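Worksheet: the structure to be examined is printed underneath.
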Amino acid sequence: MTALPQHIAFIMDGNGRWGERRGLSRLDGHRAGVKNIRPTIKSLHSKGVKYVTLYAFSTENWNRPADEVTGILNLVEEIMVVESQELHKNGVRLRHIGSLEGIPAKLQGLINDALKLTAANTSMTLGVAFNYGGRAEIIEAVRRIIQSGTKPAELNEKKFRDYLYTADFPDVDLVIRTGGELRSSNLLIWQTAYSEYYFTPVLWPDFNEEELEKALQAYSQRERRFGGLNRKSHA
Ligand code: IPE
Ligand code: IPE
Ligand code: MG
């Protein structure tokens, strides 16, 4: 039986459809999705999961209609202060996974405040992938490696990892994607090289503790080989 994942990444997909299916707006769906973050973190925290990444907004999500993008940015701005205080109360360290480029100045300030507020917390690390793209992250890392003057022969996987946004996170053990799509959509492409994937048609605002249990149960049945052999066939 595989132990509890140390790092779980969520692709919180299906907010828009959740709103549309109820005759509401896509933005209502995003609002419901944001509301579902707090109870999810609480469940993960009580189970003892140490690292969680939430995919909140991708570099490709800028391609959506301007009113949806603005709506999402406003929503994040609205909840930043209260939610970061809640995280702080629970000893959670918040990390931003992604770039601040293109984010409105006020929201940048709120993000930086939240990072500072929670920086010394140790009970859980929550990475929020916001304005994040896996390919963009790798290009950014390569740029900084070149700038550092690292010689080609000095570069290895361990060193490369230090230039990623997730330098101090362990690799992702389990990716949970809600909303029914069977793809990674550019999330943590380096860090998920050997991750287990769990897909569910449940839309993100409906994802709950019971669904989390199902995902953890599925994970516990997986055999991770990392290119090696399983114990039985090896014996
Ligand atoms: C995920 O929900 C949240 C973001 C990408 C910001 P979607 O907005 O993609 O919801 P669907 O997939 O259209 O239902
Ligand atoms: C992935 O969802 C990004 C987030 C959940 C933030 P998308 O809805 O953007 O993914 P695609 O477009 O279906 O691949
Ligand atoms: Mg989607």
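Read the numbers this way: they start at 1 and go in the same order the structure lists the ligands and their atoms. Predicted, not measured: the structure shown is a model, and the values here were computed from it.
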- Nitrogen or oxygen of Ser58 less than 3.5 angstrom from that of ligand 2: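 No, since none of the N or O atoms of Ser58 sits under 3.5 Å from an N or O of ligand 2.
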- Test of proximity, Arg183 against ligand 2: N or O pairs below 3.5 Å: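 Yes, there is a polar N/O contact under 3.5 Å.
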- Task: Specify the protein heavy atom at minimum distance from atom 14 (O) of ligand 2: its residue, its atom name, and the distance to 0.1 Å.
- Result: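 Ranking protein heavy atoms by distance from atom 14 (O) of ligand 2, first comes Ser185 OG, 2.6 Å.
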- Message: To check your reading of the model: name the closest protein heavy atom to atom 10 (O) of ligand 1, its residue, and the distance in Å.
- Response: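 The answer is Gly16 N, 3.0 Å.
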- Item | Winner among Met12, Arg17, Arg26, Arg21 once heavy atoms are compared against atom 13 (O) of ligand 1 |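 It is Arg26 that holds the nearest heavy atom.
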Under 3.5 Å, is there a donor-acceptor pair linking the side chains of [X] and [Y]?
X      : Y      : value
Arg177 : Ser185 : yes
Asn121 : His88  : yes
Asp67  : Thr70  : no

- Indicate yes or no for a side-chain donor-acceptor contact from Trp18 to the backbone of Gly29 under 3.5 Å, with no hydrogens or angles considered.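 Side chain of Trp18 to backbone of Gly29, a donor-acceptor pair under 3.5 Å: no, none is there.
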- State whether the side chain of Asp28 and the backbone N or O of Gly19 hold a donor-acceptor pair below 3.5 Å, judged by distance alone.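 No: the side chain of Asp28 does not pair with the backbone of Gly19.
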So for [X], does at least one of its heavy atoms come nearer than 4.0 angstrom to any atom of ligand 1?
X     : result
Gly14 : yes
Ala56 : yes
Arg64 : yes

- Task: Find, among atoms of Asp13 that are N, O or S, the one nearest to the Mg ion (ligand 3), and state its name.
- Result: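 Relative to the Mg ion (ligand 3), the closest nitrogen, oxygen or sulfur of Asp13 carries the name OD1.
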- Task: May I ask you to say whether Lys89 pairs ionically with Glu86, meaning some side-chain N is under 4.0 Å from a carboxylate O?
- Result: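 Yes, charged N to carboxylate O under 4.0 Å.
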- For ligand 2, the portion of Asn61 having any non-hydrogen atom under 4.0 Å away: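 It is the side chain that touches ligand 2; the backbone stays farther off.
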- Task: Using a strict cut-off of 4.0 Å, indicate which atoms of ligand 1 neighbour a heavy atom of Ile72.
- Result: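 Matching atoms, with element in brackets: 6 (C).
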- Message: According to a hydrophobic-cluster definition based on side-chain heavy atoms being under 4.5 Å apart (Ile, Leu, Val, Met, Phe, Trp, Tyr only), do Val175 and Val128 belong together?
- Response: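 Each belongs to a different hydrophobic cluster.
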- Task: Consider every N or O of Trp18 and every N or O of ligand 1, then say whether any pair is closer than 3.5 Å.
- Result: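 Between Trp18 and ligand 1, no N or O pair is found under 3.5 Å apart.
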- Are any of the N or O atoms of Phe57 closer than 3.5 Å to those of ligand 1?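 Min N/O separation from ligand 1 is not below 3.5 Å for Phe57.
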- Is it the case that more than 12 heavy atoms not belonging to Lys47 sit under 6.0 Å from its NZ atom?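 Yes - once you tally the heavy atoms of other residues, nucleotides and ligands closer than 6.0 Å, there are more than 12.
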- Within 45° of the axis and under 6.0 Å from the centre of the six-membered ring of Trp62, does NZ or CZ of Arg64 qualify?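 Here Arg64 fails the 6.0 Å and 45° test against Trp62.
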- Query: Which atoms of ligand 2 are found less than 4.0 Å from any heavy atom of Asp13?
  - Reply: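 Going through ligand 2 atom by atom, the ones under 4.0 Å from Asp13 are 2 (O), 8 (O).
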